[in-house]
K.L.:
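Here you go, one structure.
Nothing fancy with the numbering, it's 1 onward along the sequence. Predicted, not measured: the structure shown is a model, and the values here were computed from it.
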Amino acid sequence: MTSNTSSHIPSGPAAAAFLSGAIGLFVIGLLTTLSEASHAVGNALNWYDPSGSLVGKTGVGIIVWLIAWFFLNKKWQDEEVNLKSMFTWAIIIAALGFLLTFPPFFSVFKG
């Protein structure tokens, strides 16, 4: 005898993972550009002298990613979310964050 019980998995947690990862990447890119534009930001992100501001940029990015993931997952844990739309937004946000990490881009803002 087989069981016909189907368990439905909501799409909200997957959407939260897509979007929060993109938000974390965007923050890393934004901090990269800001640290080039402002010595004060660069110094504030210099948590470990041998690596400069890299540890601070990635550390803040990871913290923001985890916070965003926690809250978005909590908000959407039992909801159906349009994954195609969320994935599209995640790609756009991640692409912007990725662009912000390229030297030809952030060197325009060098302080």
Side-chain angles (χ1 to χ4, degrees):
M1 181 176 256
T2 61
S3 174
N4 283 347
T5 60
S6 64
S7 60
H8 176 71
I9 300 173
S11 62
F18 291 154
L19 199 54
S20 63
I23 290 168
L25 179 58
F26 180 78
V27 167
I28 291 171
L30 182 64
L31 290 176
T32 300
T33 300
L34 289 175
S35 70
E36 289 296 320
S38 167
H39 291 295
V41 173
N43 289 337
L45 293 171
N46 188 2
W47 298 353
Y48 180 65
D49 280 332
S51 66
S53 63
L54 181 61
V55 173
K57 293 172 202 171
T58 55
V60 171
I62 289 170
I63 291 166
V64 169
W65 160 63
L66 288 172
I67 291 169
W69 193 7
F70 176 79
F71 284 108
L72 289 173
N73 189 49
K74 193 126 177 101
K75 179 179 180 182
W76 294 335
Q77 68 185 3
D78 296 323
E79 292 187 26
E80 281 301 313
V81 177
N82 184 342
L83 283 181
K84 185 177 179 182
S85 173
M86 282 300 134
F87 189 69
T88 301
W89 276 109
I91 292 295
I92 292 168
I93 293 168
L96 288 172
F98 198 53
L99 173 68
L100 291 169
T101 64
F102 278 105
F105 184 82
F106 67 68
S107 64
V108 173
F109 303 99
K110 196 164 189 126

K.L.:
Apart from Phe106 itself, what residues make up its hydrophobic cluster when side-chain heavy atoms of I, L, V, M, F, W and Y under 4.5 Å apart count as a link, directly or indirectly?
P.N.:
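Members other than Phe106 - counting any ILVMFWY side chain reachable under 4.5 Å - there are none.
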
K.L.:
Look up atom CG in Leu99 and atom CZ in Phe26, then write down how far apart they are to the nearest 0.5 Å.
P.N.:
10.0 Å

K.L.:
If you compare all heavy atoms of Leu100 against all heavy atoms of Thr33, which two are closest, and at what distance to 0.1 Å?
P.N.:
O-OG1, 2.9 Å

K.L.:
Name every donor-acceptor pair, under 3.5 Å, that has one atom in a side chain of residues 69-78 and the other anywhere in the protein, sequence neighbours excluded.
P.N.:
none

K.L.:
Flag yes if Val27 and Phe18 sit in one hydrophobic cluster, no otherwise; membership is Ile, Leu, Val, Met, Phe, Trp, Tyr, and two members link when side-chain heavy atoms are under 4.5 Å apart.
P.N.:
no

K.L.:
Can any side-chain N or O of Ser51 pair as donor or acceptor with the backbone N or O of Tyr48 at less than 3.5 Å?
P.N.:
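Present.
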
K.L.:
Is it possible for you to say whether Leu96 and Val60 belong to one hydrophobic cluster, with membership spreading through side-chain heavy-atom contacts below 4.5 Å?
P.N.:
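Yes.
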
K.L.:
Of all heavy-atom pairs between Ala22 and Ala90, which one has the smallest distance, and what is that distance?
P.N.:
CB-O, 3.2 Å

K.L.:
Is the backbone of Asn46 close enough, under 3.5 Å, to the side chain of Ser53 for a donor and an acceptor to pair up by distance?
P.N.:
no

K.L.:
Distance check, rounded to the nearest 0.5 Å: Ile62 atom CD1 versus Ile67 atom CD1?
P.N.:
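Ile62 atom CD1 to Ile67 atom CD1 measures 12.0 Å (nearest 0.5 Å).
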
K.L.:
Side-chain heavy atoms under 4.5 angstrom apart, residues restricted to Ile, Leu, Val, Met, Phe, Trp, Tyr: same cluster for Val108 and Leu30?
P.N.:
yes

K.L.:
Under a 4.5 Å side-chain heavy-atom rule over Ile, Leu, Val, Met, Phe, Trp and Tyr, are Leu31 and Trp47 clustered together?
P.N.:
yes

K.L.:
Just verifying a value: how many Å separate Ile93 CD1 and Leu25 CG, rounded to the nearest 0.5 Å?
P.N.:
10.0 Å

K.L.:
Output yes when a side-chain donor or acceptor of Ser38 lies under 3.5 Å from a complementary backbone atom of Leu34, and no otherwise.
P.N.:
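A pair under 3.5 Å: no.
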
K.L.:
For Phe105, is the CZ atom crowded, meaning more than 12 foreign heavy atoms sit under 6.0 Å from it?
P.N.:
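Correct, the count exceeds 12.
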
K.L.:
Do the non-hydrogen side-chain atoms of Pro10 and Glu79 ever get within less than 4.5 Å of each other?
P.N.:
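A side-chain contact is absent here, since even the closest heavy-atom pair is not under 4.5 Å.
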
K.L.:
Step by step, work out the side chain to side chain contact (heavy atoms under 4.5 Å, CB included) result for Ser35 and Lys57.
P.N.:
CA-CA 9 Å; Ser35 70; Lys57 293 172 202 171; 3.1 Å; yes

K.L.:
Applying a strict under-4.5 Å side-chain criterion to I, L, V, M, F, W and Y, I'd like to know whether Val64 and Leu19 cluster together.
P.N.:
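Shared cluster, yes.
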
